[in-house]
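What follows is a set of notes on a single structure, which appears directly below.
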Amino acid sequence: MRVGTGYDVHRLKTGRPLILGGVKIAHEEGLDGHSDADVLVHAVMDALLGAAALGDIGKHFPDTDPEYKNISSLSLLKAVMVKIEEAGYLIMNIDSTIIAQAPKLSKYIPEMVKNIAETLNLDISQINVKATTEEGLGFTGAKEGIAAQAIVLLEDMRNLSYTSFDSEALYGCPRNCGGCIMR
């Protein structure tokens, strides 16, 4: 098993859409950044890359590269998933927290979970997204920015044993790779 953590923060700015977990959220300000500045997805990507010892998102998607200007972070997350699988890892679960004084995010969280799960070909039960405030403290409390953190668990595919059952029917696994369970 491999564990990785990720953290990201972006400043709030007028004239930009607020995107979190691939969801466009109604708010007077959005996050400033080279891509869509989705701090939640950026934290998840960094956690995944870190767990697999593959560096960070800046290494793979530099903010100096015009190819990534205003790109959807979910597109980058899909590319990270490919890198994780090529390195021989399977994503077991993701737990994440968005830190924002405003807006209130609870009604958007189910869609965020769905977007991340679909992008990574995971079941929604493998993804957790929470939101909290900092009770008016710090830059997030002052509504100057939004931060997110994530932790992930990867399993080395070489440590899995394979049997001949239908993994989707039994476990809800969309990969249906012949069925895998941990030894």
Side-chain angles (χ1 to χ4, degrees), residues 1-52 55-63 68-81 84 91-154:
M1 288 188 280
R2 308 274 304 234
V3 175
T5 64
Y7 176 82
D8 195 38
V9 60
H10 285 273
R11 180 182 314 275
L12 283 163
K13 177 182 177 180
T14 56
R16 293 266 305 181
L18 178 57
I19 310 288
L20 294 170
V23 178
K24 187 171 183 180
I25 296 170
H27 193 58
E28 60 273 5
E29 295 178 302
L31 294 170
D32 192 20
H34 186 68
S35 67
D36 64 6
D38 187 330
V39 292
L40 174 59
V41 174
H42 292 184
V44 168
M45 289 190 297
D46 263 345
L48 288 165
L49 290 166
D56 62 18
I57 60 175
K59 173 183 175 182
H60 296 278
F61 314 107
D63 63 5
Y68 305 119
K69 181 72 174 159
N70 296 320
I71 194 168
S72 165
S73 293
L74 290 176
S75 296
L76 301 177
L77 181 60
K78 186 70 145 182
V80 167
M81 181 195 72
I84 297 300
I91 303 166
M92 302 307 290
N93 75 300
I94 298 169
D95 185 29
S96 59
T97 304
I98 304 166
I99 303 123
Q101 195 65 36
K104 295 296 182 193
L105 298 171
S106 60
K107 70 180 181 182
Y108 300 103
I109 288 175
E111 190 175 354
M112 293 178 199
V113 168
K114 179 180 166 281
N115 288 346
I116 294 168
E118 285 179 356
T119 301
L120 296 173
N121 296 322
L122 298 174
D123 187 81
I124 60 170
S125 67
Q126 294 173 272
I127 310 294
N128 191 50
V129 175
K130 305 174 296 288
T132 191
T133 70
E134 289 190 308
E135 303 297 328
L137 300 173
F139 70 90
T140 61
K143 301 179 186 176
E144 296 172 2
I146 295 177
Q149 56 189 16
I151 187 165
V152 304
L153 176 65
L154 301 182

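This one's a predicted model, so the numbers in the text were calculated from it and none came from an experiment. By convention here, the first residue in the shown sequence is residue 1.
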>> If the condition is side chain to side chain donor-acceptor pair (under 3.5 Å), which residues does E134 pass it with, not counting sequence neighbours?
In response: T140
>> Using the rule given for side-chain contact (heavy atoms from CB on, under 4.5 Å), can you reason through L20 versus L31, listing the C-alpha separation, both sets of side-chain angles and the distance that settles it, and then say yes or no?
In response: CA-CA 9 Å; L20 294 170; L31 294 170; 4.0 Å; yes
> How close do A47 and G6 get, heavy atom to heavy atom, and via which atoms?
Replying inline: CB-N, 3.5 Å
> Rounded to the nearest 0.5 Å, how far does CG of L77 lie from CG of L120?
Replying inline: 4.0 Å
> Rounded to the nearest 0.5 Å, how far apart are CG of L154 and CE of M92?
Replying inline: 9.5 Å
> side chain to side chain contact (heavy atoms under 4.5 Å, CB included) with K78: which residues, sequence neighbours excluded?
Replying inline: M81, T119, N121
>> Just to verify, which of D38, L76, V152, L40 counts as forming a side chain to side chain contact (heavy atoms under 4.5 Å, CB included) with M45?
In response: L76
> So which heavy atom on G55 is nearest to which on K59, and how close?
Replying inline: CA-CD, 4.2 Å
> Taking only residues two or more places apart in sequence, or in another chain, which ones meet F61 in a ring pair (Phe, Tyr, Trp, His ring centres under 6.0 Å)?
Replying inline: Y68
> Who are the side chain to side chain donor-acceptor pair (under 3.5 Å) partners of S125, not counting sequence neighbours?
Replying inline: D123
> Taking only residues at least two apart or on different chains, which pairs with a member in residues 12-27 satisfy salt bridge (Lys or Arg N to Asp or Glu O under 4.0 Å)?
Replying inline: K13-D32
>> Quick test of your reading: applying side-chain hydrogen bond (donor to acceptor under 3.5 Å, both in side chains), list the pairs with at least one residue in residues 93-106, sequence neighbours left out, ordered by first then second residue.
In response: D95-N128, D95-K130, T97-K130
> Partners of A102 by side chain to side chain contact (heavy atoms under 4.5 Å, CB included), sequence neighbours excluded?
Replying inline: H27, K143
>> Applying side chain to side chain donor-acceptor pair (under 3.5 Å), can you list everything that pairs with D8, at least two apart in sequence or on another chain?
In response: H10, H42
>> Return the CD1 to CG distance between I99 and L105, rounded to the nearest 0.5 Å.
In response: 11.0 Å
> Excluding sequence neighbours, so at least two apart, what forms salt bridge (charged side-chain N to carboxylate O under 4.0 Å, His left out) with D56?
Replying inline: none
> Which distance, rounded to the nearest 0.5 Å, do you find between the CD1 of I94 and the CD1 of I151?
Replying inline: 11.5 Å
> Partners of V23 by side chain to side chain contact (heavy atoms under 4.5 Å, CB included), sequence neighbours excluded?
Replying inline: I25, Y108, E111, M112, N115
> Rounded to the nearest 0.5 Å, what separation is found between the OG atom of S72 and the CG atom of D36?
Replying inline: 5.0 Å
>> If I compare all heavy atoms of I146 with all of L18, which pair ends up nearest, and what's the gap?
In response: CD1-CD1, 3.9 Å
> Is the CD1 atom of I124 crowded by more than 12 outside heavy atoms at less than 6.0 Å?
Replying inline: no
> If every non-hydrogen atom of S35 is compared with every non-hydrogen atom of S73, which pair is closest and at what distance?
Replying inline: OG-OG, 3.8 Å
>> Can you tell me how far apart CG (L153) and CG (L48) are? Round to the nearest 0.5 Å.
In response: 10.5 Å
>> Listing request: all salt bridge (Lys or Arg N to Asp or Glu O under 4.0 Å) pairs with a residue in residues 40-51, at least two apart in sequence or in separate chains.
In response: none
